[in-house]
Every structure is written in structure tokens, then in C-alpha cells.
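Everything below concerns the one structure shown next.
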Amino acid sequence: MVAVSKTVNARQVAQAASAGIRDFGENRSGTLHEKQALFPEYRWHFIGRIQTNKLKDYVGKVALIHSVASYRALEAIDRRAHSIGCVQELLIEVNVLAEASKDGVAPEQLADLLSAARALKSVCVRGLMTMAPLGSPAAARHSFAGLRRLRDDLAADFADANNVRLTELSMGMSDDMEIAVEEGATIVRVGRRLWT
Ligand SMILES: *Cc1c(COP(=O)(O)O)cnc(C)c1O
């Protein structure tokens, strides 16, 4: 579980850590940078939209970037990681149900993006991430099952790529984490439900 700490302060992060949580997620580079500086001993995850001018705040510093939604972002992360001599682990965000309001790669573009990732030396794709539609458990299940199917279909094609290893499925938030786990989530990102 990644505890999404974007709405809470440092004291609440410390409380969660004292209850045993070690993975925290933030969706803005500035607050991530501040909280990670206060708690460098925990694993930090970037879960927000990628802005290529903010990469230095977290590339090479976070355990996992969950929200890579374009080749442009992937390539920029690779370049930044190369320049500081690290390999950044990340997930590709997929817009499984093709919702107009959402970031994420279209399912039919995923194979091409992963093929392109193969040629990059300073990133390692560890799996896929999605955000389900809010308010409909049936639609959430459909999107989680779709993400898992995409992963299952593509994993074999990339079995020989050592920097594309599709083991992780980051899916499920406060309202739909049980459904996500039933559909095969390996990582859930939970915010509100932890802090209230
Ligand atoms: C805020 C956020 C979450 C957590 O959402 P909750 O509904 O508060 O659990 C998970 N993932 C992403 C990408 C987020 O921005």
C-alpha cells in the first residue's frame, strides 16, 4: 500500500509511519520534495502529472514514478536519470476506458510505447497504473480487469526485455481498493480513507 499523503501534514506522515507505513505518495513535485526531505528513510512515490521541468525534484530520488503517460515524459525521465547516473523505476499510466478527461496512454498505444522504452537505458518499466472512473463500482472493476488483461497479454512479448518487466499493477484508491485487489492489484494508492 502506498499512503497518499498529499492532503496531510508532516505530523500525520509521522503518525502513519509509527503505525508501520513505509511507502508514501505525493502528486506534486514541490510537496514531495519537502516531505521526502523531512522523512528520507521512507520510500516515496510520485503519482502526479509529469512536468518535464520538475523532474529534478524526484527522478533518482523516488522508489517509483506511477504516472508516465507519454513517450515524451518517458524520454525526459530517461534523460534526467542518465545525467545523474541512475536507473529510474516507473509505471506506465493507461487510460483503460478511454475517458476524455483522463491522462494515460490509450490501450492500443501501449505496446508501441513499451517497445520504445526497451531502447532507453536509464528507465525500468515495472508495470502499469490506472485511475478508475469515480462513483461506479462496475466501471471501476471493468477498468481494473482491463489493465490486468493488458498486462497479461503484453508480459510475454517483453519477457526478454530486461528493462520492461510488467509485474506491478498500481490500481485502486479509497473508494475502490477492494475491487482492485480482487482484480489483481499489486499496489493500492490510498489517501482519504487512511487519514479520516
Ligand atoms: C489522490 C490520489 C490517490 C488517493 O485517492 P483517495 O481517493 O484519497 O484514496 C490515488 N492516486 C492518485 C493518482 C491520486 O492523485
Side-chain angles (χ1 to χ4, degrees), residues 1-13 15-17 19-36 39 42-52 54-55 57-59 61-70 73-74 77 88-107 110 125-148 150-151 168-196:
M1 182 180 74
V2 172
V4 177
S5 53
K6 66 191 181 193
T7 61
V8 304
N9 60 29
R11 188 178 52 80
Q12 289 163 290
V13 170
Q15 276 172 354
I21 289 174
R22 289 294 174 272
D23 287 82
F24 293 91
E26 288 282 334
N27 66 343
R28 309 186 73 174
S29 56
T31 47
L32 171 64
H33 185 70
E34 286 164 23
K35 287 189 181 124
Q36 184 167 25
F39 303 103
Y42 307 137
R43 281 186 299 272
W44 290 87
H45 297 247
F46 186 71
I47 62 171
R49 180 176 290 193
I50 309 289
Q51 292 177 277
T52 52
K54 303 282 174 62
L55 294 178
D57 283 344
Y58 54 87
V59 172
K61 298 177 181 170
V62 292
L64 193 60
I65 300 173
H66 289 234
S67 40
V68 179
S70 67
L74 181 66
I77 292 167
Q88 177 64 57
E89 303 213 331
L90 54 83
L91 308 176
I92 304 296
E93 181 173 356
V94 184
N95 187 349
V96 180
L97 303 184
E99 294 169 89
S101 61
K102 282 225 175 106
D103 285 336
V105 175
L110 183 58
V125 181
R126 296 298 316 277
L128 307 176
M129 179 274 226
T130 201
M131 308 257 293
L134 299 175
S136 163
R141 187 178 296 281
H142 188 53
S143 110
F144 297 149
L147 193 72
R148 180 187 181 146
L150 278 169
R151 192 276 311 272
E168 306 297 336
L169 290 174
S170 171
M171 54 190 199
M173 319 199 314
S174 292
D175 292 337
D176 50 28
M177 55 177 280
E178 288 87 354
I179 299 171
V181 169
E182 286 168 6
E183 297 299 337
T186 63
I187 302 171
V188 291
R189 308 177 310 272
V190 185
R192 285 167 298 136
R193 200 154 147 179
L194 275 179
W195 312 111
T196 50

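We count ligands from 1, going down the list as the structure has it; atoms in each ligand are counted the same way. Treat the numbers as computed from the prediction; the structure is a model and nothing was measured.
Between Met173 and ligand 1, not a single N/O pair is under 3.5 Å apart. For ligand 1, the polar-atom distance check finds no N/O of Asp175 at less than 3.5 Å from any of the ligand's N/O atoms. Taking any N or O of Arg193, backbone or side chain, none lies under 3.5 Å from an N or O belonging to ligand 1.
Ranking the protein heavy atoms by distance from atom 11 (N) of ligand 1 puts Arg189 NE, 2.9 Å first. Protein heavy atom nearest atom 6 (P) of ligand 1, with residue, atom name and distance: Ser174 OG, 3.4 Å. In terms of protein heavy atoms, atom 12 (C) of ligand 1 is closest to Ile47 CD1, 3.5 Å. Among all protein heavy atoms, the one lying closest to atom 14 (C) of ligand 1 is Lys6 NZ, 3.1 Å. Nearest non-hydrogen protein atom to atom 8 (O) of ligand 1 is Arg192 N, 2.8 Å.
Distance alone, capped at 3.5 Å, is enough to place a donor-acceptor pair between the Asn95 side chain and the Lys102 backbone. Between the Gln12 side chain and the Trp195 main chain, no donor and acceptor come within less than 3.5 Å of each other. No side-chain donor-acceptor contact under 3.5 Å links Glu26 to the backbone of His33. A donor-acceptor pair under 3.5 Å is formed between the side chain of Ser67 and the backbone N or O of Gly48.
A 6.0 Å sphere centred on CZ of Arg49 holds no more than 12 heavy atoms belonging to other residues, nucleotides or ligands.
The aromatic rings of Phe24 and Tyr42 sit tilted relative to each other, their planes meeting at an angle between 30° and 60°.
Within ligand 1, the atoms closer than 4.0 Å to a non-hydrogen atom of Met131 are 12 (C), 13 (C), numbered from 1 in the order shown. Within the listing of ligand 1, atoms 9 (O) sit less than 4.0 angstrom from a heavy atom of Val190.
Salt bridge Glu182/Arg141: present, at least one basic N to carboxylate O contact under 4.0 Å.
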